[in-house]
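Each remark here refers to the structure printed beneath this line.
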Number of protein chains: 2
Amino acid sequence: MASIKEASTIQENKSLAFVTCPVTFVMEKIGGYWKPIILFNLLSGPKRYSELKRSIPTITEKVLIQHLKQLESDHLVVRRSKPVVPPYVTYELSRSGKALRPVLYAMAEWAVANSGKFSKTFSRQMKDFPAA
Amino acid sequence: MASIKEASTIQENKSLAFVTCPVTFVMEKIGGYWKPIILFNLLSGPKRYSELKRSIPTITEKVLIQHLKQLESDHLVVRRSKPVVPPYVTYELSRSGKALRPVLYAMAEWAVANSGKFSKTFSRQMKDFPAA
DNA sequence: TGGTATACATACTTTAGGGTAAGTACTTGT
DNA sequence: ACAAGTACTTACCCTAAAGTATGTATACCA
């Protein structure tokens, strides 16, 4: 009986949970598989939509703009478009987006240190993304 | 025609993709909503299963052990059990799990800096998780 | 005239993750 | 005799996320 009640309120408590755990708060913003990858690819500066697509070959176009729009509405990236044809649209990190650099950089460093034989390839990739 | 071929090979290329992007490698290990939250709760030291459950009230038991087992098979956490009854099982970070501290800590710091009115609550939480 | 490129949109299907509810084995406490 | 706690397991369902395929407007280039 008690356990059922408890379970039923789990979802109701969710809004409360992210108030007590900072990492939960972060996950609500950049949780999931793709967002950190997209953000990492924007660390090196503004990128066009097509550039992003090319640098993340395994993402589908639908999922890419879907996440870009979410990131935009969460104010982590800024979309800029020039009214030309063919369209010219760039995405860049906002201020709070740029503030994620230490997070993403720590991830990349962990990958270098914990990926065994891939670490060399990773450290080559990281040349483009200075820590500061 | 060409676009169809391209799309079809996206999934096949996935194993290749995480070789070129360090963050993708990380996401394959700790991607998703719950894993970083669990790992963060283990930063302060070994915890019993029931302790974890209590400190992450919004997770269900099924999902909790499910992820604990995945984290264990990825060698990020270590499970220790005493053969007593009632059972006494603890989970703690492995060496590479502990190496995630900078990642999780950077997340928590970002939350403190970018959560507005919740930042005070978060910084209280962070007292328990020293950076070093 | 048609192919290419850009930055999307959309309909439809599939899958993986997560949630609910209940059960198990064993012992201590009342 | 029975509830309670511990660390799970299992079966079933449901939804959100992701993947597939195709379409759109516009202009340049050959």
Side-chain angles (χ1 to χ4, degrees), chain A residues 1-14 17 24 27-28 30-38 46-72 77-92, chain B residues 1-14 17 24 27-28 30-38 46-72 77-92:
Chain A
M1 221 38 159
S3 70
I4 294 175
K5 260 192 184 174
E6 222 173 80
S8 304
T9 50
I10 278 186
Q11 290 323 93
E12 301 160 22
N13 289 339
K14 221 168 188 180
T24 303
M27 287 301 108
E28 294 287 341
I30 63 164
Y33 184 83
W34 291 113
K35 280 179 186 170
I37 297 173
I38 295 172
K47 288 243 174 78
R48 293 184 68 175
Y49 172 81
S50 52
E51 287 182 278
L52 277 175
K53 190 171 116 58
R54 270 190 295 273
S55 56
I56 315 176
T58 52
I59 201 172
T60 62
E61 293 193 38
K62 183 193 132 194
V63 173
L64 179 55
I65 45 149
Q66 192 174 290
H67 282 108
L68 284 172
K69 295 212 179 284
Q70 283 177 33
L71 290 169
E72 194 195 357
V77 308
V78 177
R79 190 192 108 113
R80 294 186 203 286
S81 70
K82 291 181 187 172
V84 295
V85 59
Y88 194 94
V89 179
T90 57
Y91 292 90
E92 64 177 292
Chain B
M1 226 28 162
S3 70
I4 295 176
K5 262 192 183 173
E6 220 175 82
S8 304
T9 49
I10 279 186
Q11 290 323 95
E12 300 159 24
N13 290 338
K14 221 166 188 182
T24 303
M27 286 302 109
E28 293 286 341
I30 63 163
Y33 183 84
W34 292 112
K35 279 178 186 170
I37 298 174
I38 295 172
K47 289 242 176 80
R48 294 185 69 174
Y49 172 81
S50 51
E51 285 182 279
L52 278 174
K53 191 170 115 60
R54 269 190 295 273
S55 55
I56 314 176
T58 53
I59 202 172
T60 62
E61 293 193 36
K62 183 193 128 190
V63 173
L64 178 55
I65 46 151
Q66 192 174 288
H67 283 108
L68 284 172
K69 294 214 179 284
Q70 284 177 31
L71 291 169
E72 195 194 357
V77 307
V78 177
R79 190 191 108 112
R80 295 186 202 283
S81 70
K82 291 182 187 172
V84 294
V85 59
Y88 193 94
V89 179
T90 57
Y91 292 88
E92 65 177 292

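Chain letters run A, B, ... following the sequence lines, proteins first and then strands; every chain starts at 1. The model shown is predicted, which means the values in this text are computed figures rather than measured ones.
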Quiz item: D/dT20, D/dT10, D/dC8: which one has an atom nearest the side-chain heavy atoms of B/Val89?
Solution: D/dC8
Exercise. Please state whether the phosphate of D/dG5, meaning OP1 or OP2, lies under 4.0 angstrom from any side-chain nitrogen or oxygen of B/Tyr49.
Key: no
Quiz prompt | Over all atoms of both residues, closest heavy-atom pair of B/Met27 and A/Gly32 | solution = SD-O, 3.7 Å
Quiz item: Does A/Ser50 put a side-chain nitrogen or oxygen below 4.0 Å from OP1 or OP2 of C/dA7?
Solution: yes
Quiz item: Should B/His67 be listed as having a side-chain N or O under 4.0 Å from OP1 or OP2 of C/dG17?
Solution: no
Exercise. Work out which heavy atom in B/Tyr91 is nearest to a heavy atom in B/Arg79; give both atom names and the distance.
Key: CE2-CG, 3.4 Å
Quiz item: How is B/Lys69 classified with respect to the nucleic acid when contacts are heavy atoms under 4.0 Å: base, sugar-phosphate, or nothing?
Solution: sugar-phosphate
Exercise. Identify which nucleotide among C/dT6, D/dA7, C/dT20 has an atom closest to any side-chain atom of B/Thr60, counting heavy atoms from C-beta outward.
Key: C/dT20
Self-check item: Chi angles and distances behind the side-chain contact (heavy atoms from CB on, under 4.5 Å) call for A/Ile37, A/Ile59
Solution: CA-CA 10 Å; A/Ile37 297 173; A/Ile59 201 172; over 6 Å; no
Practice problem: Taking only the side-chain nitrogens and oxygens of B/Tyr33, find out if one of them lies under 4.0 Å from OP1 or OP2 of C/dG19. | Solution: no
Quiz item: Do the side-chain N or O atoms of A/Arg48 get closer than 4.0 angstrom to the phosphate oxygens (OP1, OP2) of C/dT6?
Solution: no
Quiz item: Among the nucleotides C/dT27, C/dG18, D/dT6, which one has an atom lying closest to any side-chain atom of B/Lys62?
Solution: C/dG18
Quiz item: Does B/Arg79 place a side-chain N or O at less than 4.0 Å from the phosphate oxygens OP1/OP2 of D/dC8?
Solution: yes
